[in-house]
Amino acid sequence: MHMADALLSPAVGASLWAVSGLTLGWCSKQLRTDPRDHLVPLMGVLGAFIFAAQMINFSIPGTGSSGHIGGGLLLSILLGGPAAFVVIASVLTVQALFFADGGLLALGANIFNLGIFPCFIAYPLIYRPLLKRAGSEPSKNQLTTMTVLAAVVSMQMGALGVVLETQMSGISSLPLVTFLWLMQPIHLAIGLVEGLATAAVIAFIRQARPDLLHAFTPALSAKAVASRFPTRVIVSLGCAALLTGGVFSWFASSSPDGLEWSIARVTGQPELASGASPIYKAIAQLQQRMAPLPGYKFAALENNTSVAAGGRSAGQQAWPAVDTQTSVAGVLGGVGTLVIVVGIGFFLRPRRARHQPHT
């Protein structure tokens, strides 16, 4: 559901940049007073994991489309809304700047759609109330049901956001009703898969370290949450991120994602041409210069090889697409995301420490 610049007008794109930036500022302020000692490394490894997980598009049977998880709900359940928003914004920024995945003008919109809806609507207004109603020891089936419901609502709101932002921009010929009726059902299927995947990860962490689940223990004292550093969970998530980005990414579907599929059903093409304004050309050139691995490939090698997945048509692609370039991109992107998130966390950490009461 990463939007391209061609869908947005400069005014709408800039407005969503501003909204997302202000939200990031507020979240950073909240993190300065967070007492959890394990928060920074957990944010970093989860950022790497979500980056890698988003590389894996899964097929939607009977549609010719595919989708990938957003990750915002999983991050919120583990970290809380503010920390989760910082992580998902970091993931999307790394994707846009280093891999040209999602437009630069559209970066604010992508952060808004994939961050605000799960972190500040689906999690606090749907997941947490359902969890409270289920009692102190919800069953596995209850947890799965509430997780799937929250994920579906989050994904549906994100898809609706894409449609409305596109229509407000007024620079594409995508008809509102047709675009809406294509986007919502396909992202319903994607939301169902994300909900089940999120529930599986939550079940693992609940078994290993239930105190790490912010949704279960939001009011724990600093002493309680710092009793045992979650080394095993962090190492497990780190290994999962490396395996996902380095190996499991070979198994990603080559079918267009839900947004590309919806656009193609309307226009016959999976992407729209950028506007004629010099702004679009300048932004595209800037992104091209900045991204060392556009499309998760080495730009210098992609044009000189006939075996890279990016150089074949969808019908010619082998599956699994064993590709060293994809593996390197997955590992580097995960490590880069981890470094950026941990750097942000440690930048904020001294400010948090000054707000903690002395013992």
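Numbering starts at 1 and runs along the sequence shown.
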To the nearest 0.5 Å, what is the distance between [atom1] ([X]) and [atom2] ([Y])?
{"X": "Ile263", "Y": "Leu272", "atom1": "CD1", "atom2": "CG", "answer": "5.0 Å"}
{"X": "Leu180", "Y": "Ser262", "atom1": "CG", "atom2": "OG", "answer": "10.0 Å"}
{"X": "Ser20", "Y": "Ile88", "atom1": "OG", "atom2": "CD1", "answer": "12.0 Å"}
{"X": "Phe120", "Y": "Ser76", "atom1": "CZ", "atom2": "OG", "answer": "7.5 Å"}
{"X": "Leu74", "Y": "Leu46", "atom1": "CG", "atom2": "CG", "answer": "6.5 Å"}
{"X": "Tyr127", "Y": "Leu73", "atom1": "OH", "atom2": "CG", "answer": "7.5 Å"}

Look only at the side chain of [X] and the backbone of [Y], and say whether a donor-acceptor pair between them is shorter than 3.5 Å.
{"X": "Gln95", "Y": "Ala100", "result": "no"}
{"X": "Arg232", "Y": "Ala208", "result": "no"}
{"X": "Ser59", "Y": "Ser66", "result": "no"}
{"X": "Trp261", "Y": "Thr63", "result": "yes"}
{"X": "Gln142", "Y": "Ser139", "result": "yes"}
{"X": "Gln30", "Y": "Pro82", "result": "no"}
{"X": "Thr147", "Y": "Ala199", "result": "no"}
{"X": "Asn113", "Y": "Gly161", "result": "no"}
{"X": "Glu194", "Y": "Gly71", "result": "yes"}
{"X": "Ser169", "Y": "Ile171", "result": "no"}

Could you check if a side-chain atom of [X] sits within less than 4.5 angstrom of a side-chain atom of [Y], using non-hydrogen atoms only?
{"X": "Ile121", "Y": "Ser154", "answer": "no"}
{"X": "Thr326", "Y": "Met55", "answer": "yes"}
{"X": "Pro138", "Y": "Arg206", "answer": "yes"}
{"X": "Leu78", "Y": "His214", "answer": "no"}
{"X": "Leu237", "Y": "Leu42", "answer": "yes"}
{"X": "Phe99", "Y": "Pro294", "answer": "no"}
{"X": "Val86", "Y": "Val341", "answer": "no"}
{"X": "Thr244", "Y": "Phe51", "answer": "no"}

Are [Y] and [X] connected in a single hydrophobic cluster, I mean Ile/Leu/Val/Met/Phe/Trp/Tyr linked by side-chain heavy atoms less than 4.5 Å apart?
{"X": "Val201", "Y": "Val45", "result": "yes"}
{"X": "Leu192", "Y": "Ile56", "result": "no"}
{"X": "Met3", "Y": "Phe98", "result": "yes"}
{"X": "Phe179", "Y": "Met168", "result": "yes"}
{"X": "Ile344", "Y": "Phe85", "result": "yes"}

Shortest non-hydrogen separation from [X] to [Y] and the atoms involved:
{"X": "Asp211", "Y": "Arg209", "answer": "OD2-NH2, 2.7 Å"}
{"X": "Leu259", "Y": "Leu7", "answer": "CD2-CD1, 4.1 Å"}
{"X": "Ile190", "Y": "His68", "answer": "CG2-O, 3.7 Å"}
{"X": "Leu114", "Y": "Gly70", "answer": "CD2-CA, 4.2 Å"}
{"X": "Ile234", "Y": "Pro41", "answer": "CD1-CB, 3.8 Å"}
{"X": "Ile69", "Y": "Phe58", "answer": "N-CE2, 4.0 Å"}

Assess, by modelled atom type and distance only, whether the side chains of [X] and [Y] contain a donor and an acceptor separated by less than 3.5 Å.
{"X": "Asp101", "Y": "Tyr296", "result": "yes"}
{"X": "Asn57", "Y": "Ser253", "result": "no"}
{"X": "Ser327", "Y": "Trp250", "result": "yes"}
{"X": "Asp5", "Y": "Gln287", "result": "no"}
{"X": "Gln156", "Y": "His187", "result": "no"}

query = Could you go step by step and tell me if Phe49 and Cys239 meet the side chain to side chain contact (heavy atoms under 4.5 Å, CB included) rule?
reply = CA-CA 9 Å; Phe49 178 73; Cys239 291; over 6 Å; no
message = Working note: Asp323 + Lys297, criterion side chain to side chain contact (heavy atoms under 4.5 Å, CB included); need CA distance, chi angles, decisive distance, verdict.
response = CA-CA 9 Å; Asp323 189 344; Lys297 306 288 182 184; 2.3 Å; yes
ask   = Does Arg265 pair with Glu260 as a salt bridge, N-O distance under 4.0 Å?
value = no
inquiry  = Let's go through Met146 and Leu131 carefully: what are the C-alpha distance in whole Å and the side-chain angles of both, what is the deciding distance for side chain to side chain contact (heavy atoms under 4.5 Å, CB included) to 0.1 Å, and is it a yes or a no?
reply    = CA-CA 7 Å; Met146 67 181 67; Leu131 181 62; 3.9 Å; yes
task = Tell me, with the steps shown, if Val342 and Met43 meet side chain to side chain contact (heavy atoms under 4.5 Å, CB included).
result = CA-CA 7 Å; Val342 169; Met43 286 172 61; over 6 Å; no
query = For Trp181, does the CH2 atom have more than 12 heavy-atom neighbours from other residues, nucleotides or ligands under 6.0 Å away?
reply = no
query = According to the interplanar angle, ranging from 0 to 90°, do the rings of Phe117 and Phe112 count as parallel (below 30°), tilted (30 to 60°) or perpendicular (above 60°)?
reply = perpendicular
